[in-house]
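Beneath this line is the structure, given in structure tokens, with notes to follow.
Order of the sequence lines sets the chain letters (A, B, ...), proteins ahead of strands, with each chain counted from 1. This structure is a prediction, so every number in the text was calculated from the model and none was measured.
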Amino acid sequence: MAGCPLLIPYVIGDEMTELLKYNPAAIEAKWQKKWEESKLFNVTEDDSRKKYYVLEMFPYPSGRIHMGHVRNYSIGDVIARYKVLQGFNVLHPMGWDAFGMPAENAAIAHKTHPAKWTRNNIDYMRGELKRLGFSYDWTRELATCDADYYKHEQQLFTKMFKRGLVYKKQSFVNWCEPCQTVLANEQVEDGLCWRCSNEVAKKELEQWFFKITDYADELLEFCDKLPGWPERVLTMQKNWIGRSIGVEVDFPVADSDLSIKIFTTRQDTIFGATFVSLAPEHPLTMKLCAGKEEEASVREFVERMSKEDKATRTEDANEKEGVFTGAYCVNPFNNNKIPIYTANFVLMDYGTGAIMAVPAHDQRDFEFAKKYDIPINVVIQPPEGNIEAAEMTEAYLKEGVLHNSGEFTGIKNSDALPKIADYVENNGLGKRQVNYRLRDWGISRQRYWGSPIPIINCDKCGAVPVPDSDLPVVLPLDANIETVGKSPLPDIEEFANVKCPKCGGDAKREADTMDTFVESSWYFARYCSPQLASNMFDEDATRYWMSVDQYIGGIEHAILHLLYSRFFTKVLRDLGYWDVDEPFKNLLTQGMVIKDGTKMSKSKGNTVDPSALIEKYGADTTRLFTLFAAPPERDLDWNDKGVEGSFRFISRIHRLVMENLELISSPAAIQTPDELSDEAKALRKATHKTIKKVSDDINDSFHFNTAISAVMELVNKLYLVNLNSDDSSIRWALRTALDNIIVLMSPFIPHVCEELHEKLGHDTSVTKRQWPKYDPAFVVDDEVTIVVQINGKVRDKLIIAKDSSEDVVRNIALASEKVQKHIDGKEIKKMVYITNRLLSIVVTK
RNA sequence: GCGAGAAUGGCGGAACUGGCAGACGCGCUGGAUUUAGGAUCCAGUGGGCAACCGUGGGGGUUCGACUCCCCCUUCUCGCACCA
């Protein structure tokens, strides 16, 4: 297909060139308007068609769209438009995760109201998304700060409350006295408040919790039923849930009727327990030392620990530390009297807050025992050799045979686990127990800009849920939020002072708001029927649309948002809302956008402003580059020159169509010719191969970068076509190629494809086309290149008819001069032939 | 420390179940066009004069290894005293 360049316009002046030039601003404005006017992307349920629900994680309206959003939403839009072309009824909605702290901070800083700040941001960012031409059904747009939205989750809250899935509990939180508020862990910097730099204290506060631990088992189990999720997300979730199976055993306290309940997964080492450790916060810690000489030192230790924030205390590098309580307990297995310590590394909120310590077989206990000179008893011996306690430099953690373990001595430690658990249960010493690392979800926030928790606190009746008829509890918008850090809600009389729904007496409304992760745990369901006032969602609508077929978002939500959404889905199921088990069938976690080796961030000053890019190159180029530079799951290295390359590629397609418009619009070009020249056949083959490659790349892995590069290759070929020959079939082949390119690329660069589609004479939107099908007959090559290797090195390449027999290939190969040169005078020891691929010849050296 | 992922030209990245390493793009070089520049088009572009050598390093399996196995190094991410 080589030839002279096809584009030799002999009388094209500057004016003409100007008209033919790719002008994204005009094209994009034109088509965005058309799409909107024709309501092209608005969808409704249609049982006669197969549905496809594509969802990208909705943004927090922080002010402006950033490149991470552009990437996320471009990926989603390709999938959505691709599925439309395949004939699916595609739901592709967008909305706003609109509650949250930045709004309050901004309000204080700019003397505005969080609501106003949020609304302004939403308006601005909606404009940016529209400018990018995404195929959203904007009639389904929602904002979580609307009472119409959050009233449904308030109702769900009360239902969960009645089901026992919501409860109130004292818990330790980071508290800043000057700011009068709870701080999230990430707002504590080196033990100081991020806002006022005062020391953060631990405070026990009443907080509302969702009982996600009730679902720990199911959430874990279903990790193995989500084949469409990335393995690493599932692993992270499994680790986060952290199921461990062990036993709880009571250790009686000596000279007392108290006992200490410990949890262990290593009951096989119980004969080696030489002390017991309590968390400093354990209720027995102070009780056991009361009146003893150790009381003062224990008190000092416990107080010091209470000031240390959890991050520091649980740091791996942090040295093991503890004090003796003065009390002893009895190991129920061997009746040894062993000391009770309190230790910094024992956590109150895991297991029972107390452990049996086996220094010989637990590294932490080993370090502690060495430090405080506590005996070390070896109870597991390795298969070969003997361990001497005195010579140990670290705990022995591997398998072995029990030693000094009463009736269990001599059996393998792995076999002893169930046997000892049985013994514990049969002798009333305790029971088998499963523990989780997962904690219940604390949702109380002492903040203003959130959904009010629908509870009324009555002195007589306790916490009473707000009756359905009184929902929603509307967040009062006339609040004064100028006081730094302090929620104004408790001070708003009309809000805070209410009558108890149960007894009618004076009561106080709960002034805490919900964690914003609550809103994002069910928004995907609300999109199915976003305007429905009477309920969270319409059952028929969710029956049709749910689950989300493809969810796309950043890996940073691998645990929190995705776990909470899974939890909510199951709760909704158990409350009879629907029968969905899992919200997201397939999950794609896209990589970060990187520049100069690090994540783009304002503080590093390496951000790229999408608006500026769109201004300069247009939306299609901006989208194309984010899809071309890397496969979606990988980090994307930003490169300004690369963006120009994407622009150039679009311009090349545009020019190809525009400068040959007359030629490829002629009846001869449209009508399939009876006979094709060799060149036309080659072009047809290249076209069909491209269709196959693009389809496969999207279907198999969403590897858009390679799909785009395949189209680039085809475009490069088209530039080499000689159109000045008498061959008319080549014009047909060119038109067909371009027509297919336009459809194939329309999910990526929809505006320019619509424009060129129209120029080619089609009078409907390119989205109404069908995804091209390739003809397998046109994709196969009748000649193949066979590589000839001699002793593993490529020595020749033969072009031979497809499916040639080994004999034929051998004869041709052996006759080749290049091959002869390397086998001359040597003995052929072996030949391996792989049909249509290669012939490998092994000769003596 | 544990878990997951990664390492390929000057750069971003390709390579299906082991079978032509470096597709495509960026950059660079040369040429055409142009008064010039830009834009555009064409050609070239891993290293080496060559034999050859090249996918982080070292072993192995194989006719054949970026791909499979063992050991090691570095980087990224997640978890991190969870008993």
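Residue A:Arg437 places none of its side-chain N or O atoms closer than 4.0 Å to OP1 or OP2 of B:C79. At the phosphate of B:C52, OP1 or OP2 sits under 4.0 Å from a side-chain N or O atom of A:Arg795. Put simply, A:Ser244 has a side-chain N or O that comes within less than 4.0 Å of OP1 or OP2 on B:A83. Of the side-chain N and O atoms in A:Arg837, none sit less than 4.0 angstrom from OP1 or OP2 of B:G64. The side chain of A:Arg648 places an N or O atom within less than 4.0 Å of a non-bridging phosphate oxygen (OP1 or OP2) of B:C26.
Contacts of A:Gln789 with the nucleic acid, taken as non-hydrogen atoms under 4.0 Å apart, include base atoms. Using a 4.0 Å heavy-atom distance criterion, A:Ser277 is classed as making no nucleic acid contact. Note on A:Asp362: nothing from the nucleic acid sits closer than 4.0 angstrom, heavy atoms only. Within the 4.0 angstrom heavy-atom criterion, base atoms lie near A:Lys797. Using a 4.0 Å heavy-atom distance criterion, A:Asn716 is classed as a sugar-phosphate-only contact. Nucleic acid contact for A:Asn705: sugar-phosphate only, since backbone atoms but no base atoms lie under 4.0 Å from a heavy atom of the residue. A:Lys793 comes within 4.0 angstrom of sugar-phosphate atoms only, judged by non-hydrogen atoms across all strands, and of no base. A:Asp635 comes within 4.0 angstrom of the backbone, heavy atoms only, and of no base. Across all strands shown, A:Gly645 has heavy atoms under 4.0 Å from sugar-phosphate atoms exclusively, and none from any base. Within 4.0 Å (heavy atoms only), A:Val832 reaches at least one base atom of the nucleic acid. Across all strands, A:Arg232 comes closer than 4.0 Å only to sugar-phosphate atoms, never to a base (heavy-atom distances).
Annotated as anti: B:G56, whose glycosidic dihedral deviates from 0 by more than 90°.
B:G1 and B:C79 make up a base pair, with Watson-Crick or G-U wobble contacts both under 3.5 Å. Base pairing of B:A15 is not made with any nucleotide, judged by Watson-Crick or G-U wobble geometry with both donor-acceptor distances under 3.5 Å. With a cut-off of 3.5 Å on both Watson-Crick or G-U wobble distances, the partner of B:U40 is given as B:A32. Across all strands shown, B:A51 forms no Watson-Crick or G-U wobble pair with both key distances under 3.5 Å. Both distances falling under 3.5 Å, in either a Watson-Crick or a G-U wobble arrangement, place B:G27 opposite B:U45. B:A6 is paired with B:U74 under the criterion used here, namely a Watson-Crick or G-U wobble arrangement in which both key atom distances are under 3.5 Å.
Candidate nucleotides B:C41, B:A14, B:A83 were compared by shortest atom distance to the side chain of A:Tyr719, and B:C41 ranks first. Among the nucleotides B:C20, B:C63, B:A83, the one closest to the side chain of A:Val787 is B:C20. The nucleotide whose nearest atom lies closest to any side-chain atom of A:Arg652 is, among B:C42, B:A23, B:A83, B:C42. Between B:C41, B:A23, B:A21, one nucleotide has an atom nearer to the side chain of A:Arg655 than all others, and that is B:C41. Picking from B:U40, B:G19, B:C82 the nucleotide with the shortest atom distance to the side chain of A:Ile834 gives B:G19.
When all heavy atoms of A:Gly351 and A:Asn435 are compared, the pair lying nearest together is CA-ND2, 3.4 Å.
With both ends at atom P, the span from B:A65 to B:G58 equals 15 Å, rounded to whole Å. Between the P atoms of B:A32 and B:A23, the separation comes to 27 Å (whole Å). Taking atom P on both B:C70 and B:C79, the two are 28 Å apart, rounded to the nearest angstrom. One C1' atom belongs to B:G5, the other to B:G10, and the distance between them is 26 Å to the nearest Å. Distance check on atom P: B:C82 versus B:G12 gives 39 Å, rounded to whole Å. Taking atom P in both B:G25 and B:C41, one finds a spacing of 11 Å when rounded to whole Å. Rounded to a whole angstrom, the distance from the P atom of B:A21 to that of B:G3 is 36 Å. A distance of about 12 Å separates the P atoms of B:C26 and B:A39, rounded to the whole Å.
A donor and an acceptor atom, one from each side chain of A:Asn377 and A:Thr274, are nowhere located under 3.5 Å apart. In summary, the side chains of A:Thr706 and A:Asp697 do present a donor paired with an acceptor at a separation below 3.5 Å, with no hydrogens or angles considered. A:His703 and A:Glu633 form a side-chain donor-acceptor contact under 3.5 Å, judged by distance and modelled atom types alone. Side-chain atoms of A:Gln820 and A:Lys818 include no donor-acceptor pair closer than 3.5 Å.
Between the CD1 atom of A:Ile555 and the P atom of B:C79 there is a distance of 11 Å, rounded to whole Å. Rounded to whole angstrom, the span from the CD1 atom of A:Ile245 across to the P atom of B:C82 amounts to 17 Å.
The aromatic rings of A:Phe625 and A:Trp638 sit perpendicular to each other, their planes meeting at more than 60°, with 30° as the lower class boundary.
Of the two residues near RNA chain B, A:Ser651 and A:Asp697, the one whose nearest nucleotide lies more 5' is A:Asp697. Between A:Met712 and A:Arg364, the one whose closest nucleotide on RNA chain B sits nearer the 5' end is A:Met712.
Figure legend: A:Arg652 and A:Tyr719 shown as a cation-pi pair, the cationic atom lying under 6.0 angstrom from the six-membered ring centre and within 45 degrees of its axis.
With hydrogens and angles left out, the side chain of A:Arg439 and the base of B:C82 share a donor-acceptor pair within 3.5 Å.
By the neighbour-count criterion of 12 heavy atoms within 6.0 Å, atom NZ of A:Lys238 is densely surrounded, having more than that number from other residues, nucleotides or ligands.
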